[in-house]
Amino acid sequence: MIYITGDTHGDVERFEAKPLRRLKKTDTLIVLGDFGFLWDGSREEKKKLAWLAKRRYKVLFLDGCHDNYDLLRDYAPEDFCGGRARHIQGNVYHVLRGSVLTIEGKKLLCFGGGESEDKEEREEGVNWWRAELPTSDELEWCAQNLLACGNQVDYILTHDAPTRLLEFTQLNKDKGSQPNWLHAFFDKVMLNTGYKAWYFGRYHRDQYLSQKARAVFCSVLPLE
């Protein structure tokens, strides 16, 4: 089975909770950004990551607003399930933005990234990175991957969300974020892509928005 959850922020207790203890060797868990186990590179963090890498199920994660992009770049991208990912350690992988993965026969469009609403209060290269927002090349690669599968996927998994969803739910106002080019790109994806449901993290809320959209935080949800 494929499961998803929201921002984990390096919290091992999230992985020790009962829902995840039940996952099997054949299962896959996808974290929708702000993974948090590659943040400061400390000895304690490395110990937590080594523990996580030994889980019997695969752990895939998207990057978010609060991930250390310098540390992520230390890992070389490789082909993975029809897309691209960085093999971090053991069963842990970072999925590159715009990848369309095929897992258990399901096509999953994965796209991390977002914009920190408090970046003016952060220090670049310490707790904020410009790379949290995608480049034009990343957007184009995503568009090409969607075109290659006929603009049809089973699920869309992201850290942030389209403007249309944020304005409808007022989630952007709660977070204090302003529309940016990633939101606009997601609006186009939403209009031009066929999909069953769109799941996103970032907003620290478990909220059912519609039959085709859901905000995810601490819940562990099966895709089917």
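Since this is a predicted model, take the numbers as computed values, not measurements.
Checked by atom type and distance alone, the side chain of Asp154 never pairs as donor or acceptor with a backbone atom of Lys106 at under 3.5 Å. Although no hydrogens or angles enter the test, the distance criterion places a donor-acceptor pair under 3.5 Å between the side chain of Asn180 and the main chain of His183. With hydrogens and angles disregarded, no donor-acceptor distance shorter than 3.5 Å links the side chain of Glu138 to the backbone of Arg97.
Looking at residues two or more places apart in sequence or on another chain, you find no ring-ring contact (aromatic ring centres under 6.0 Å, His included) involving Trp141. Shown here are the ring-ring contact (aromatic ring centres under 6.0 Å, His included) partners of Tyr57, two or more places apart in sequence or in another chain: there are none.
The aromatic rings of Phe61 and Phe35 sit parallel, their planes meeting at an angle under 30°, below the 60° perpendicular limit.
No hydrogens or angles considered: a donor-acceptor pair under 3.5 Å links the side chains of Ser219 and Asp206. Residues Ser116 and Glu132 have side chains that bring a donor and an acceptor to within less than 3.5 angstrom of each other. No side-chain donor from either of His159 and His66 sits under 3.5 Å from a side-chain acceptor of the other. Side-chain contact annotation: Glu78 with Tyr93, donor-acceptor N/O pair under 3.5 Å absent.
Relative to the six-membered ring of Trp51, Arg55 meets both conditions, a distance below 6.0 Å and an angle of at most 45° to the axis. By the 6.0 Å and 45° rule, Arg205 does not stack over the aromatic ring of Phe200.
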*Does the pair Arg130 and Lys119 meet the rule for a side-chain contact (heavy atoms from CB on, under 4.5 Å), with working shown?*
CA-CA 9 Å; Arg130 293 180 188 274; Lys119 63 184 180 182; over 6 Å; no
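In this structure, the separation between CG on Asp79 and CZ on Arg84 is 5.0 Å, given to the nearest 0.5 Å.
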